[in-house]
Amino acid sequence: MYRTHTCGELRIADINKEITLAGWIQRIRDFGGMSFIDLRDRYGITQLVVDENTDKTIVEQLEELGREFVIQAKGLVRERSSKNTKIPTGEIEIALTEIKVLSPSEVPPFTIQDDTDGGDDLRMKYRYLDLRRNVVRKNLVLRSKMAHAVRTYLNAQDFIETETPVLIKSTPEGARDFVVPSRMNPGEFYALPQSPQTFKQLLMVAGFDRYYQIVKCFRDEDLRADRQPEFTQIDCEMSFVDQKDVLNMFEGLTKYMFKETLNVDVDDFPWMPYSEAIEKYGSDKPDTRFEMLINNITDLVKGNNFVVFDSAEYVGAICAKGCADYSRKQLDGLTKWVQRPQIGAKGLVYVKCNKDGSFKSSVDKFYSQDDLKVWAEKVDAKAGDLILVMSGEKDHIQGAIGELRLEMGNQLGLRDKNIFKPLWVVDFPLLEWDEESQRFHAMHHPFTSPKVEDIKLMDTEPGKVRANAYDLVINGVEIGGGSVRIFDSELQAKMFKLLGFTKEEAQAQFGFLMNAFKYGAPPHAGIAFGFDRLVSLFAGLDTIRDVIAFPKNNAGRDIMIDSPSVIAEAQLEELNLKLDLKEKE
RNA sequence: GGUGGCGUAGUUCAGUUGGUUAGAAUGCCGGCCUGUCACGCCGGAGGUCGCGAGUUCGAGUCUCGUCGUCACCGCCA
């Protein structure tokens with residue numbers, strides 16, 4: 001036995017016990033005549049002491065020790081003469097009687113402390129050292145607890161946890177696939193799943209009734225702080241349910257996770273139609289922690305010879321509370337901010353609602369005090385508030401002013417990480433027009449059912465068909481989404497036709513699913529949560545990297561193991577592959 | 001594919017208008033120190049200023065390219 005206790009458990013009640021600890025040396029404080037060693041493991045830190053009573057050989061051994069050495073230490077627990085109230089073991093220390101180096105350590109490239117001196121690159125390269133730090137490990141402990149809560153809740157609701165294959169088939173819809181060459185089937189490839197979508201529907205046909213899985217998914221697209229090429233979903237499907245049943249079940253799961261892991265009670269989740277989210281928040285994932293809703297003032301601003309507004313399809317405004325005293329510099333800063341290519345607005349019009357009831361705007365030349373008063377009433381602006389107005393093409397400006405709203409929320413400190421505001425966004429469009437390929441794409445996926453009352457529109461105005469599709473959004477983060485599925489092979493065929501598949505293509509790609517539907521498919525619906533995002537939201541982080549033990553960087557590289565990498569010529573040959581690398585221009 | 005930030009000691013950063021020998025903190029090494037817990041004090045070592053070209057009498061500093069990294073846009077059903 002290497003140890004009798006962990007480094008986090010000894011207390012004043014353990015005084016005079018002969019104990020053995022094992023762990024990493026956090027720090028040595030050498031006083032010449034005496035020394036202190038902080039010994040660390042996952043559970044905490046315990047102080048070891050060497051003084052005049054300690055065996056001389058131990059004093060000599062001490063010279064060899066350094067940070068991050070793994071040692072085994074035997075000694076007597078005793079009360080400290082000067083206590084440290086900052087740590088749980090701070091009332092005791094270990095008078096050493098024996099010390100053994102289990103494993104020496106080179107000087108680590110950065111300090112293993114909460115406030116490390118290491119930068120992101122270095123910490124990623126030595127991820128196993130970074131994971132020794134409390135602040136990093138605690139995120140993975142939270143992740144473990146949340147996964148446990150998911151299983152506890154769904155098992156209690158009679159869900160069956162089922163694994164689905166990882167080597168599957170490439171499909172044309174959705175994200176780019178990661179592919180895996182098949183040695184036994186020359187020239188053919190597996191794909192890694194973007195999600196277990198079709199398999200979980202087949203499990204419903206199989207009568208499983210309730211399925212879930214905490215499962216890796218893979219998408220070969222460009223990355224972000226909240227997107228990794230491999231990520232984890234809480235994937236679920238249910239039979240004989242409608243949309244409300246699914247939302248209630250997973251609202252229950254979400255509340256359970258908040259309560260179990262953060263001890264937070266959240267309100268019932270409001271349902272917001274997609275159209276309302278776009279209209280009021282300029283986003284399909286609204287941050288409802290604060291108001292500052294977008295108002296459509298297009299009709300109020302026309303006919304004053306202000307050509308920018310007169311020619312605009314849409315004019316939107318938000319009201320920033322208490323910002324009437326923004327300086328010229330601040331307003332210029334906001335204007336520059338919206339003119340960045342990422343937002344792409346031409347400009348920004350402001351109206352200051354002064355304390356004395358007058359208005360000062362950047363368009364005073366065109367609009368009277370009375371005109372501006374009408375605007376202020378429309379956007380519910382009071383004295384002391386600042387109205388920000390953007391105009392242009394409707395879809396673009398709604399999104400842009402939505403971004404401005406979030407930026408103002410940041411500046412005003414309205415996006416508190418300790419407040420959680422979940423909601424369901426419902427009634428998504430079934431299809432969206434893709435300019436590039438000049439055809440409709442499924443907004444959610446091709447198995448999403450249209451709303452019954454909208455089916456008749458499928459032939460006439462496909463773009464207006466609403467789907468039985470829903471997203472869970474918390475604090476402006478898209479946590480998950482799902483839909484009621486098509487379970488009728490004829491309706492599914494119609495859907496494929498709308499998506500531009502020929503009968504033959506549909507049969508080749510998804511024939512297995514349509515065939516399955518011929519043998520008694522139950523009505524079914526499902527949902528999937530992005531587990532990494534949910535954990536990072538709970539942990540108050542902006543990136544999912546810190547809730548993944550071994551994440552990849554912006555370019556999809558693992559800089560610790562240095563992947564991806566080239567493979568041996570023999571491997572290529574075995575797979576019947578030849579490389580044809582494009583020369584860089 | 002695009003836009004922007006960053007790249008200087010082991011590490012995190014500073015470095016003025018282009019000008020002599022590139023600094024600080026921390027870490028590391030050595031010395032002193034019996035109650036520290038971010039110990040303290042004294043001393044020391046440590047640099048291909050990412051890489052390559054260019055402008056210039058002179059480049060860490062300016063220009064172009066390139067590589068790495070981060071954030072965002074496109075993309076991600």
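Naming convention: chains lettered A, B, ... in sequence-line order (proteins, then strands); numbering from 1 in each chain.
- Of the C1' atoms belonging to B:U8 and B:A14, the separation is 10 Å, rounded to the nearest Å.
- In summary, the side chains of A:S563 and A:D558 do not present any donor paired with an acceptor at a separation below 3.5 Å, with no hydrogens or angles considered.
- Remark on RNA chain B: of its neighbouring residues A:K83 and A:G32, the 5'-side contact belongs to A:G32, judged by nearest-heavy-atom nucleotide.
- Comparing B:U61 with B:C6, their C1' atoms are spaced 16 Å from each other, to the whole Å.
- Look at A:K138 and A:D546 and you find no salt bridge, because none of the NZ, NE, NH1 or NH2 atoms lies under 4.0 Å from a carboxylate O.
- Between the side chain of A:R340 and the base of B:G5, no donor-acceptor pair of N or O atoms lies under 3.5 Å.
- The side chain of A:K86 places an N or O atom within less than 4.0 Å of a non-bridging phosphate oxygen (OP1 or OP2) of B:A38.
- Close to B:C39, at under 4.0 Å from its OP1 or OP2, lies a side-chain N or O of A:R29.
- Comparing A:R219 and A:K552, the nucleotide of RNA chain B nearest to each residue sits closer to the 5' end for A:K552.
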Worksheet item: Could you go step by step and tell me if A:D121 and A:R557 meet the salt bridge (Lys or Arg N to Asp or Glu O under 4.0 Å) rule?
Response: CA-CA 12 Å; A:D121 304 9; A:R557 298 201 70 86; over 6 Å; no
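- Within 4.0 Å of A:D121, counting heavy atoms only, lie sugar-phosphate atoms of the nucleic acid but no base atom.
- B:G27 and B:U12 are spaced 15 Å apart, taking the P atom of each and rounding to whole Å.
- Looking at heavy-atom distances under 4.0 Å, A:Q47 makes contact with a base.
- With salt bridges taken as basic N to acidic carboxylate O contacts below 4.0 Å, one links A:E173 and A:R439.
- Judged by ring centres under 5.5 Å apart and planes tilted less than 30 degrees, A:F36 stacks against the six-membered base ring of B:U36.
- Here the nucleotide nearest the side chain of A:L122, chosen from B:C75, B:G35, B:U11, is B:U11.
- The six-membered or imidazole ring of A:F31 lies near that of A:F36, with a centre-to-centre distance under 6.0 Å.
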Worksheet, complete the sentence: Writing each nucleotide of RNA chain B 5' to 3' as (, ), [, ], | or . by Watson-Crick or G-U pairing under 3.5 Å yields (((((((..((((.....[...)))).(((((.......))))).....(((((..]....))))))))))))....
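- Closest approach to the A:N553 side chain among B:G74, B:C70, B:A38 is made by B:C70 (side chain taken as heavy atoms from C-beta onward).
- A sub-4.0 Å separation between OP1 or OP2 of B:C39 and a side-chain N or O of A:R27 is present.
- When heavy atoms are screened at a 4.0 angstrom cut-off, A:D30 is found touching base atoms of the nucleic acid.
- The same atom, C1', is picked in B:G46 and in B:C39; the two are 25 Å apart, to the nearest Å.
- Residue-level contact check: A:I343 touches neither bases nor backbone, having no heavy atom under 4.0 Å from any strand.
- Checking B:C75, B:C37, B:G10 against every side-chain atom of A:P109, the shortest atom distance belongs to B:G10.
- Among the protein residues, A:R78 comes within range of the nucleic acid bases, having at least one heavy atom under 4.0 Å from a base atom.
- Across B:C49 and B:G23, the matching C1' atoms stand 12 Å from one another, rounded to whole Å.
- For A:P341, whose side chain is taken as the heavy atoms from C-beta onward, the closest listed nucleotide among B:U3, B:C73, B:U36 is B:U3.
- For the P atoms, the distance linking B:C41 with B:G18 amounts to 39 Å, nearest Å.
- Checking side-chain atoms of A:Q61 against main-chain N and O of A:I99 turns up a donor-acceptor pair under 3.5 Å.
- Side chain of A:R67, nearest nucleotide from B:C28, B:U36, B:C72: B:C28.
- For A:R545, a side-chain nitrogen or oxygen approaches OP1 or OP2 of B:A71 to under 4.0 Å.
- The listed nucleotides are B:G35, B:C73, B:C28; the one nearest the side chain of A:Q342 is B:C73.
- At the heavy-atom level, A:E52 lies under 4.0 Å from base atoms of the strands shown.
- B:A9 and B:G4 are spaced 26 Å apart, taking the P atom of each and rounding to whole Å.
- Set against B:U36, B:A38, B:C70, the side chain of A:N554 has B:C70 as its closest nucleotide.
- Here B:C73 presents its P atom at 9 Å from CG of A:D226, a figure rounded to the nearest Å.
- Summarising the geometry, atom CD1 belonging to A:I559 is positioned 11.5 Å from atom CD1 belonging to A:I561; distances are rounded to the nearest 0.5 Å.
- Straight-line distance between the P atoms of B:U3 and B:G65: roughly 10 Å, to the nearest whole Å.
- With B:G35, B:C75, B:G10 as the candidates, the nucleotide lying closest to the side chain of A:R80 is B:G35.
- Defined by atom type and a distance below 3.5 Å, a donor-acceptor pair is present between the side-chain atoms of A:D177 and A:S170.
- If you check distances only, the side chain of A:R224 does reach the base of B:G74 with a donor-acceptor pair under 3.5 Å.
- In this pair, A:Y126 and A:Y128 present their aromatic rings perpendicular. The plane angle is above 60°, beyond the 30 to 60° band.
- Contacts of A:P446 with the nucleic acid, taken as non-hydrogen atoms under 4.0 Å apart, include base atoms.
- Salt-bridge annotation for A:K285 and A:D471: absent, with no side-chain N of the basic residue lying under 4.0 Å from a carboxylate O of the acidic one.
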